[in-house]
Amino acid sequence: MPELAFFRHGEELLRVALGDQTTIGRSADCDVSLPDPGLSRVQASIERRAGGWVLVDRSGRGTRVGVEDVSEAPLVDGTHLTFGSWRALYREAGAGDPESTSVRGLTGIRPVDIPASSQSRLRIRDRGRERVVPLPDEGLTVGSVPGNGLVLDDPFVSARHLRIDRPAGRWELTDAGSTNGTLLGGVRIYRCELPPGLPITVGDSELVLEVGAPREGRLPGSYEGMFSLDPGMRQVFDLIDRLAPSDAAVTILGETGTGKELVARALHARSPRCNGPFIPVNCAAIPETLMESELFGHEKGAFSGAERLRKGAFEEADQGTLFLDEIGEMPLDLQSKLLRALENAEVKRVGASRPIHVSVRVLSATHRDLPAQVRAGKFREDLFYRLAVIPLAVPPLRARPGDVRALAQRFLDATAPRGLQLRWSEEALRRLETYDWPGNVRQLKNVVQRALLFRGEGTVLPASAVTFEDLRPASDAGGDDTTLYLPGLTLEDIEREAIRLSLRRNRGKRAAVVKELQIAKSTVMKRIAQWKLQDEGRESGAPPEADDD
């Protein structure tokens, strides 16, 4: 029976036996679905006619047969066809594999003999994590509900999505009528032989069959959803391994966008509490009036609007991990209550008469300089020492330039349309590597997503597609007297600095400060007295201005 053999990057991945009419395109309804954005939903069909087999273009733009785009062409043995990034070879007679049958039956893949004694397992990558599960000889089902041999917590995976069997010494994959389909190497399949190393995509998860002796538990550079080949980050990964088994409080320090929450999740995932909840709380995103209720909960009727009992983050994290992000933003009056909860391992809901005992490991993170906050009286010293039993610093991206190139390609592979292999031009990579990344890994991810939109035609992203968003003020030759450094400052800090710098620029003249900043004179005078800025900008020994009263 005639067949099409599909190749990618010079490697034959699968063979499809042709029926009387076989449709090819990117639509999931085609007999052969190739998720390539360069294809039409139905690109072409191959039909049996009296004189032989004919390719008929269905896109209206032509389908390449040999070196020409045609609307219709007869096929002879050895004809080459092009479907986007895929190449296909038409063969008059199949390779004789008895398991190669009609489309929507079994799609034949190059046979791979697996010794019966070989260990087999599935490597699963989902939600940024990687794990390995053994594959029993009797096979297993994959789905989103309990009862499957492998359960995936993925909203795009059907209740019973697929099955993997080993009927004749070779692993075989069968789609179980899933809603979103099963892709093998980027091609939607219904039933096929499963070769080792070829990724199976189900929803947002990826499965890979591995046989033989197990390799390292993670890909080189990969660690709990993070990736780095830099020695500094490898030290962070090693430190996580050492700290995870204990219940010691860890404070994660680092700039915005360095992945502090990923570090916290890794500490939880590798700890004895990994089966318990991980509860993140962003202290900078909760209004001060609601923060106590968010952390400790409240009783019904404790205050206006408290219509029902509500558990706080401490109770929700019982037997698990509580992650306090941006702990430097917590109000002083609440810091004392947090300290008591940490010391006594108990919390008291707002409006309750009795405390509740909880078993929680507390991790915290901040981009601020906490010791400086302690010296300024904005953070309790005793709470600092309680939270920062072990400080863990995450290096910024500019301190690990070797990671920029690797991360940029990983983000590109993850965000590119399915079936489309993209890469960076050397000029674009040099442009990425010479930038200092004030927003760190998060900013790099945004730059990659923008570059996909601006790449134009082709599979190579040019340097023109790389654009940066830098919110930092431009440096000025006047130094600190004329510029205001914003990152990490509170609103009060910004107001004080604005008045101080204006006083310097105007040599202490209050009227000029009022005019420049457009602030009421009474407010300016009050702030100058409050922050003891009376002599700011004046020459030593100069008399007060007439408007200083």
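Quantities reported herein were computed from a predicted structural model and do not represent experimental measurements.
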**Check against side-chain contact (heavy atoms from CB on, under 4.5 Å), R431 and F468** = CA-CA 10 Å; R431 181 170 166 81; F468 303 110; 3.8 Å; yes
[X] versus [Y], closest heavy-atom pair with distance:
{"X": "D230", "Y": "S228", "result": "N-OG, 3.1 Å"}
{"X": "R510", "Y": "G508", "result": "NH1-O, 2.7 Å"}
{"X": "P272", "Y": "A244", "result": "CD-O, 3.8 Å"}
{"X": "G149", "Y": "L140", "result": "CA-CB, 4.1 Å"}
{"X": "A248", "Y": "V389", "result": "CB-CG1, 4.4 Å"}
{"X": "L194", "Y": "L209", "result": "O-CD2, 3.6 Å"}

Does the distance from a Lys or Arg side-chain N to an Asp or Glu carboxylate O, for [X] and [Y], drop under 4.0 Å?
{"X": "E299", "Y": "R310", "answer": "no"}
{"X": "E326", "Y": "R368", "answer": "no"}
{"X": "R410", "Y": "D413", "answer": "no"}
{"X": "R123", "Y": "E206", "answer": "no"}
{"X": "K311", "Y": "E316", "answer": "no"}

**Request:** Go through the steps for V281 and D325 under the test side-chain contact (heavy atoms from CB on, under 4.5 Å), then give the verdict.
**Result:** CA-CA 6 Å; V281 176; D325 197 9; over 6 Å; no
Taking [Y]'s backbone N and O only, do any of them form a donor-acceptor pair with [X]'s side chain (distance below 3.5 Å, no angle check)?
{"X": "W437", "Y": "R442", "result": "no"}
{"X": "N180", "Y": "G203", "result": "no"}
{"X": "D318", "Y": "S359", "result": "yes"}
{"X": "H161", "Y": "T141", "result": "no"}
{"X": "D403", "Y": "L229", "result": "yes"}
{"X": "H357", "Y": "A345", "result": "yes"}

Indicate yes or no: at least one non-hydrogen side-chain atom of [X] is less than 4.5 angstrom from one of [Y].
{"X": "V360", "Y": "L342", "answer": "no"}
{"X": "S144", "Y": "L152", "answer": "no"}
{"X": "L363", "Y": "V250", "answer": "yes"}
{"X": "L444", "Y": "L397", "answer": "yes"}
{"X": "W424", "Y": "V460", "answer": "no"}
{"X": "I164", "Y": "L135", "answer": "yes"}
{"X": "L422", "Y": "L461", "answer": "yes"}
{"X": "I499", "Y": "L517", "answer": "yes"}

**Item:** Derivation and outcome, side-chain contact (heavy atoms from CB on, under 4.5 Å), residues I279 and F314
**Value:** CA-CA 8 Å; I279 305 297; F314 269 91; over 6 Å; no
**Request:** Can you tell me which residue pairs pass the side-chain hydrogen bond (donor to acceptor under 3.5 Å, both in side chains) test with a partner in residues 333-343, sequence neighbours excluded?
**Result:**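 Passing the test, one end in residues 333-343: E292-K337.
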**All pairs passing side-chain hydrogen bond (donor to acceptor under 3.5 Å, both in side chains) where residues 247-267 contributes a residue, at least two apart** =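 side-chain hydrogen bond (donor to acceptor under 3.5 Å, both in side chains) check on residues 247-267 returns D247-R273, T251-S364, E255-R398, E255-N440, E261-R265.
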**Message:** I'd like to know if the side chain of D241 pairs up with that of Y223 as donor and acceptor (distance under 3.5 Å, no hydrogens or angles considered).
**Reply:**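 Indeed, the side chains of D241 and Y223 share at least one donor-acceptor pair under 3.5 Å.
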**Item:** Side chains of T467 and R450, donor plus acceptor under 3.5 Å
**Value:**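 Yes.
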**Request:** Apply the test side-chain contact (heavy atoms from CB on, under 4.5 Å) to residues L309 and R349: give CA-CA distance (whole Å), side-chain angles for both, the deciding distance (0.1 Å), then the verdict.
**Result:** CA-CA 9 Å; L309 181 147; R349 296 177 187 150; 3.0 Å; yes
**Message:** Please verify the inter-ring angle class for F278 with F323; under 30° counts as parallel, over 60° as perpendicular, anything in between as tilted.
**Reply:**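 Correct class here is parallel.
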Rounded at 0.5 Å granularity, tell me how far [atom1] in [X] sits from [atom2] in [Y].
{"X": "L533", "Y": "S502", "atom1": "CG", "atom2": "OG", "answer": "11.0 Å"}
{"X": "R430", "Y": "S425", "atom1": "CZ", "atom2": "OG", "answer": "8.0 Å"}
{"X": "Y385", "Y": "L339", "atom1": "OH", "atom2": "CG", "answer": "13.5 Å"}
{"X": "N506", "Y": "L503", "atom1": "CG", "atom2": "CG", "answer": "7.5 Å"}
{"X": "L392", "Y": "L267", "atom1": "CG", "atom2": "CG", "answer": "6.5 Å"}
{"X": "M330", "Y": "L387", "atom1": "CE", "atom2": "CG", "answer": "8.0 Å"}

**Request:** Name all residues meeting the salt bridge (Lys or Arg N to Asp or Glu O under 4.0 Å) criterion together with E381; count only those two or more places apart in sequence or in a different chain, and write none if there are none.
**Result:**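 In terms of salt bridge (Lys or Arg N to Asp or Glu O under 4.0 Å), with neighbours along the sequence ignored, E381 is linked to no residue.
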